[in-house]
Protein chains: 2
Amino acid sequence: MSPTHTQVTTPPADLDPCGREDHPDCGIRDVLDRIGDKWSVLVIVELASGPRRFRELQRAIDGISQRMLTLTVRRLERDGLILRTVYPTVPAQVDYRLTDTGADLTHLVKALADWSLAHRTVIAKARHQYDRIHPDHDIR
Amino acid sequence: MSPTHTQVTTPPADLDPCGREDHPDCGIRDVLDRIGDKWSVLVIVELASGPRRFRELQRAIDGISQRMLTLTVRRLERDGLILRTVYPTVPAQVDYRLTDTGADLTHLVKALADWSLAHRTVIAKARHQYDRIHPDHDIR
DNA sequence: CGGCATCCGAAACGATACTG
DNA sequence: CAGTATCGTTTCGGATGCCG
């Protein structure tokens with residue numbers, strides 16, 4: 001039996017969720033919210049190395065709860081960034097992989113991760129500096 | 001009188017907040033959390049066009065409350081990504097601009113914004129598709 | 001103008017228990 | 001294994017009022 005999945009066949013490209021091409025902040029928000037999510041980025045990075053099963057993801061992404069992993073992959077699937085494939089075995093087996101769109105996004109996400117890695121020392125330093133100058137702040 | 005600001009002179013680069021160079025997810029988290037914040041990205045994008053005053057930022061970033069703008073710029077300042085300059089005038093005048101580190105990050109953030117703009121139609125389509133197939137979901 | 005302090009409802013998240 | 005459902009807690013974020 002062939003696996004069940006939810007891939008979109010080939011959407012004809014139209015439909016403007018905003019209607020205003022001249023307004024940059026318009027649809028950006030939604031997409032950025034997804035990227036903005038801490039877990040989404042980590043899932044994407046993990047899947048960049050290849051397909052993963054649910055538990056593999058959970059083990060790889062240290063600290064994520066099962067609930068959050070479920071929500072995260074659902075949202076990414078809904079956005080068409082990852083593909084969820086269910087194999088009708090017992091027990092159930094599901095794997096997740098990036099779609100073409102998701103793989104494309106990976107480059108940017110990786111660039112961000114690399115930048116973070118490259119600058120974390122400088123940023124940590126800046127934070128300590130700030131905390132010394134402003135001994136009592138509520139930030140974070 | 002010269003303006004008061006909180007710029008860090010030139011921190012000698014050392015200090016590893018994690019201690020494990022081989023663990024990619026380590027310091028990444030903190031930095032990504034900042035980028036992950038919806039408002040941070042919008043502030044950075046806005047400041048990429050040049051220095052802005054508090055009210056200018058608030059007006060430019062449609063929808064942000066004064067509270068969140070304050071918190072956002074404080075955090076970005078703490079991370080050394082933006083520079084806050086207070087001019088001792090009456091009434092007070094404050095401007096914000098990107099530091100070198102922040103300006104560097106701008107390229108990546110803009111790339112993300114561009115990607116979002118370029119793919120928002122496809123993503124919106126994917127979402128509608130998903131919502132048709134899964135009529136009742138709690139996602140988002 | 002550029003904030004800060006406080007209150008309060010909403011949303012996010014984690015832990016736990018249960019299911020096909 | 002791969003979830004769903006529920007609950008309690010924490011955090012977020014907007015509204016409001018006051019201040020230098």
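The figures that follow rest on heavy atoms only: side chains count, while hydrogens, waters and symmetry mates do not. Order of the sequence lines sets the chain letters (A, B, ...), proteins ahead of strands, with each chain counted from 1. Since the structure is predicted, the reported quantities are computational estimates derived from the model, not experimental observations.
One atom, NZ of B:K38, and another, P of D:dG13, lie 7 Å apart when rounded to the nearest Å. Atom CG in A:D33 sits about 15 Å away from atom P in D:dC12, given to the nearest Å. The distance between atom CZ of A:R84 and atom P of D:dC1, rounded to the nearest whole Å, is 16 Å. Computed from coordinates, the B:M68 CE to D:dT16 P distance equals 17 Å when rounded to whole Å. When the P atom of D:dG13 is taken as reference, atom CH2 of B:W39 falls 8 Å away, rounded to whole Å. Taking atom CG of A:L57 as the reference point, atom P of D:dC1 lies 13 Å away to the nearest angstrom.
Checking side-chain atoms of A:Q58 against main-chain N and O of A:R55 turns up no donor-acceptor pair under 3.5 Å.
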Review item, side-chain donor-acceptor pairs of residues 64-76 of chain A, under 3.5 Å, at least two apart:
unit_1 : atom_1 : unit_2 : atom_2 : d
A:S65  : OG     : A:M68  : N      : 3.2
A:T70  : OG1    : A:Q66  : O      : 2.9
A:T72  : OG1    : A:M68  : O      : 2.6

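Axis angle across the helix from C:dC1-D:dG20 to C:dG20-D:dC1, with five pairs used at each end and values rounded to 10°: 50°.
Where B:Q66 and B:R75 meet DNA chain D, the nucleotide closest to each residue was compared, and B:R75 sits on the side nearer the 5' end. Two residues, B:R67 and B:R53, neighbour DNA chain C, and the one matched to the more 5' nucleotide by heavy-atom proximity is B:R53.
For A:Y96 and D:dG3, the shortest distance from a side-chain N or O to OP1 or OP2 is below 4.0 Å.
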### Query
When you look at B:D79 and A:Y130, which way does the side-chain contact (heavy atoms from CB on, under 4.5 Å) test go after all the steps?
CA-CA 8 Å; B:D79 288 356; A:Y130 186 94; over 6 Å; no
### Task
Begin from the C-alpha positions of A:L47 and A:L57 and carry the test side-chain contact (heavy atoms from CB on, under 4.5 Å) through to its verdict.
CA-CA 8 Å; A:L47 289 182; A:L57 279 176; 4.0 Å; yes
### Task
List the steps, then state whether side-chain contact (heavy atoms from CB on, under 4.5 Å) holds for B:H137 with A:R78.
CA-CA 11 Å; B:H137 62 71; A:R78 185 170 105 102; 4.0 Å; yes
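Within the 4.0 angstrom heavy-atom criterion, only backbone atoms of the sugar-phosphate kind lie near B:R74; the bases stay farther away.
Taking NZ from B:K110 and OG1 from B:T106, the interatomic distance works out to 7.5 Å, rounded to the nearest 0.5 Å. Taking CG from B:L32 and CH2 from A:W115, the interatomic distance works out to 10.5 Å, rounded to the nearest 0.5 Å.
Note that the first and last nucleotides of DNA chain C, 5' to 3', having any atom under 4.0 angstrom from a heavy atom of chain B are C:dC1 to C:dT6.
By the neighbour-count criterion of 12 heavy atoms within 6.0 Å, atom CG of A:D104 is densely surrounded, having more than that number from other residues, nucleotides or ligands.
A salt bridge does not link A:R84 to A:D95: none of the charged nitrogens lies less than 4.0 Å from a carboxylate oxygen.
Side-chain proximity of A:P91 to D:dC1, D:dG3, D:dG13: nearest is D:dC1.
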